Enquirer: 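Structure incoming, see below.
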Amino acid sequence: MLKLKFRKPIEAAMSTYLDWKYGARGKGKQTVKKSHAAALSHWPLMQPYSKGNLNLQHRIVASGITRMRSKQNGELSSLNQKWYKQRMSEGGLMVTESMSISPDGNLGPRIPCAYDDIHLDGLSALAKEAKENKTELVASMFHCGRSCPSTHRPLSPSGVQILMKPPEGWSPANFAPPPGDIPERCVTMDTADFIDLKKQYKRSAELLKKAGFTRVNVGIGGGGLLNNFMNASQNLRTDKYGGSPTKRTRFPLEIISEVSSVFGAENVGVTAFLGYNLDGTIDSYETERPAYLALLKELSDMKISYFSYWPKWKDAVGPADDIYCKFAEHQDSFMKEIRETFTGTVIRSGYGPELELAAKAVAEGEIDLVGVGRTFICVPDLPNRLRHGASFENNLRAASRTDLRINAAMPSDEDADAKGYIDWLPADLPDEPPLV
């Protein structure tokens, strides 16, 4: 029987597990208690982490995931408060869903906002809850750019229109169409827009700080405005904000600098979706890679806290999708370059429920922390279950009967909104985990 040894260094813990499961000790797996084995397989994720002023008790990050349960005016609702409280963990890092930093940057109704005093009470209550639960809560700041409703001003770097269907040669499975009502045309940003946007981001950061948040995240993914500036297919400018990879990073870096002037760079993180195509934001490996490496070098010099990324290219489904396949082909080298270029904390999302792979990546030093999104929807107590080696397969199986990507219908009543949102309950587990 495998003798389990606890509190060992993260690399040794994973080595013991892999040796037991796949190596010479494989015969022993029939005699090892299932919960012990499961807990050991995830043990690297349960190790503490410390870098700069970020001190965590485990490596699981509750990533932001938009569910559209806020009030119509962008205030956080009571359901929002319950959702976040259910998923808080002592010593854990939690990132909110994207919060709009201005009316024109709002993706639509019932998206949480952080730009007006009317939003302050809900934000303050959430920040207070996180402090009481000893959770490191990060407010995620976002401007949706050209994806805003047609009643707003759809800003973009160069006025490139949203694609409503996949480009020729692309599989529909690798194309995310824009949701709902979209503008007929985009507005190319002018000098006044650049000035206004920097003011809006800073004003939103000041509001979040007033609400009691101590950390913020700047989102440059998801087909939003800052994502469009990074993207060679959307940013066709010939001035200082477009052209070369370095110039395409200029405006995102100016925004990050504005936010850092309020919170301090050590309390600011950045999130990106790599190889992403929402709203037709399509870029090639050859153009995206140098832009993000240039961005990461600058973020390192700024001493930004973390860089979190989601490698969407892993979803490639066929050889016709040449762009995705190119990303997939260079995945290992690109991830290594990210790790080598950025000196802060590196977070990767996109593992889904296959957290053994995430644990292995942490154990081998490829990443520091693991971002988890959809799994947290149906497993609110995920870190505690991993610590105990408790199964959550039944939750995943039940959740698979619905589409976790579907957000609340609008308008709706609170009972309907609660379904599939706050009705997932934590497991009844003992106080002490099997591995301590």
Side-chain angles (χ1 to χ4, degrees), residues 58 60-100 106-114 118-142 208 211-217 219 222 271 308 349 352-353 370-386 392 395-396 398-400 402-427:
H58 60 78
I60 296 289
V61 179
S63 299
I65 180 167
T66 298
R67 301 302 306 283
M68 299 176 77
R69 259 71 167 196
S70 299
K71 297 180 181 179
Q72 293 285 346
N73 63 2
E75 288 183 81
L76 292 177
S77 66
S78 59
L79 285 174
N80 290 141
Q81 305 288 351
K82 291 177 183 177
W83 158 271
Y84 285 108
K85 183 177 180 180
Q86 286 176 333
R87 288 153 183 81
M88 290 178 181
S89 61
E90 184 173 346
L93 185 65
M94 169 180 274
V95 184
T96 71
E97 58 202 286
S98 296
M99 296 183 176
S100 302
N106 192 356
L107 187 61
R110 307 198 67 188
I111 297 291
C113 299
I118 197 172
H119 305 132
L120 190 58
D121 287 348
L123 294 170
S124 298
L126 182 59
K128 181 180 178 182
E129 189 70 56
K131 186 175 181 180
E132 291 175 353
N133 283 274
K134 299 180 180 179
T135 299
E136 291 284 356
L137 183 63
V138 185
S140 188
M141 308 172 69
F142 189 72
L208 289 166
F213 283 87
T214 58
R215 299 180 186 275
V216 290
N217 176 86
T271 298
S308 177
S349 302
V370 177
V372 179
R374 290 180 197 165
T375 303
F376 258 113
I377 294 177
C378 60
V379 191
D381 58 337
L382 180 61
N384 198 36
R385 293 206 196 200
L386 295 179
F392 47 88
N395 294 54
L396 295 174
S400 69
T402 61
D403 189 343
L404 294 180
R405 295 171 294 181
I406 295 178
N407 302 314
M410 304 178 295
S412 185
D413 58 64
E414 186 163 310
D415 289 338
D417 284 355
K419 186 177 181 180
Y421 188 60
I422 60 169
D423 53 357
W424 296 99
L425 301 177

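None of these values were measured; they are calculated from a predicted model.
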Enquirer: Check salt bridge (charged side-chain N to carboxylate O under 4.0 Å, His left out) between E97 and all other residues, then give those that pass, not counting sequence neighbours.
Expert: none

Enquirer: Looking at every heavy atom in both G92 and H58, which two are closest together, and how far apart are they?
Expert: CA-NE2, 3.5 Å

Enquirer: Over all heavy atoms of both residues, which pair between A427 and D381 is shortest? Give the atoms and the distance, please.
Expert: N-OD2, 2.8 Å

Enquirer: Could you give me the CA-CA distance, side-chain angles and deciding distance for L208 and M141, then say whether side-chain contact (heavy atoms from CB on, under 4.5 Å) is met?
Expert: CA-CA 10 Å; L208 289 166; M141 308 172 69; 3.9 Å; yes

Enquirer: R215: what forms a salt bridge (charged side-chain N to carboxylate O under 4.0 Å, His left out) with it, not counting sequence neighbours?
Expert: E136

Enquirer: Do the side-chain N and O atoms of N133 and Y84 include a donor-acceptor pair separated by under 3.5 angstrom?
Expert: no

Enquirer: What heavy-atom pair brings C378 and N395 nearest, and what distance separates the two atoms?
Expert: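 Where C378 meets N395 most closely, the heavy atoms are O-ND2, 2.7 Å.
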
Enquirer: Taking side-chain hydrogen bond (donor to acceptor under 3.5 Å, both in side chains) as the test, write out the residues that go with D121, two or more places apart.
Expert: none

Enquirer: Identify the two heavy atoms, one from F142 and one from S98, that lie closest to each other, and give their separation to 0.1 Å.
Expert: CB-CB, 3.6 Å

Enquirer: Any sub-3.5 Å donor-acceptor pair from T135's side-chain atoms to S89's backbone N or O?
Expert: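 Looks like yes, one N/O pair under 3.5 Å.
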
Enquirer: Between R69 and W83, is NZ or CZ placed under 6.0 angstrom from the six-membered ring centre and within 45° of the ring axis?
Expert: no

Enquirer: Could you pull out all residues at least two apart from S308 that satisfy side-chain contact (heavy atoms from CB on, under 4.5 Å)?
Expert: T271, Y306, I347, S349

Enquirer: Could you measure the distance from the OG atom of S78 to the NZ atom of K71? Nearest 0.5 Å is fine.
Expert: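 It comes to 7.5 Å.
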
Enquirer: Where do P353 and L396 come nearest, in terms of heavy atoms and distance?
Expert: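 For P353 and L396, the tightest heavy-atom pair comes out as CB-CD1, 3.6 Å.
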
Enquirer: Does Y421 form a side-chain contact (heavy atoms from CB on, under 4.5 Å) with N80? I'd like the steps, not just the answer.
Expert: CA-CA 9 Å; Y421 188 60; N80 290 141; 3.0 Å; yes

Enquirer: Taking Q86 for its side chain and L425 for its backbone only, find out whether a donor-acceptor pair lies under 3.5 Å.
Expert: no

Enquirer: Measure the shortest side-chain to side-chain distance between M94 and V61 over non-hydrogen atoms and say whether it is less than 4.5 angstrom.
Expert: no

Enquirer: Tell me, please, which residues at least two apart from I118 pass side-chain contact (heavy atoms from CB on, under 4.5 Å).
Expert: N73, E75, D116

Enquirer: Quick check: closest heavy atoms across P112 and L76, and the distance to 0.1 Å?
Expert: CB-CD2, 3.7 Å

Enquirer: With T214, which residues qualify under side-chain hydrogen bond (donor to acceptor under 3.5 Å, both in side chains), at least two apart?
Expert: none

Enquirer: Less than 4.5 Å apart, side chain to side chain, heavy atoms only: is that true for L126 and Q81?
Expert: yes

Enquirer: F376: which residues meet the ring-ring contact (aromatic ring centres under 6.0 Å, His included) condition with it, sequence neighbours left out?
Expert: none

Enquirer: Looking at residues at least two apart in the chain, or sitting in another chain, which of them share a side-chain contact (heavy atoms from CB on, under 4.5 Å) with A211?
Expert: L120, L123, S124, F213

Enquirer: Answer yes or no: is there a donor N or O on one side and an acceptor on the other, between the side chain of R87 and the main chain of I377, under 3.5 Å?
Expert: yes

Enquirer: For S140, check side-chain hydrogen bond (donor to acceptor under 3.5 Å, both in side chains) against everything at least two apart and list the hits.
Expert: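 Per chain and number, S140 pairs via side-chain hydrogen bond (donor to acceptor under 3.5 Å, both in side chains) with N217.
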
Enquirer: With side chains defined as the heavy atoms from C-beta onward, is the minimum distance between F392 and L386 less than 4.5 Å?
Expert: yes

Enquirer: Do R110 side-chain atoms and S70 backbone N/O form a donor-acceptor pair below 3.5 Å?
Expert: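 Answer holds: yes.
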
Enquirer: For H119, check side-chain hydrogen bond (donor to acceptor under 3.5 Å, both in side chains) against everything at least two apart and list the hits.
Expert: none

Enquirer: Does the side chain of L107 reach to within under 4.5 Å of the side chain of S100, using non-hydrogen atoms?
Expert: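 No, their side chains stay 4.5 Å or more apart.
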
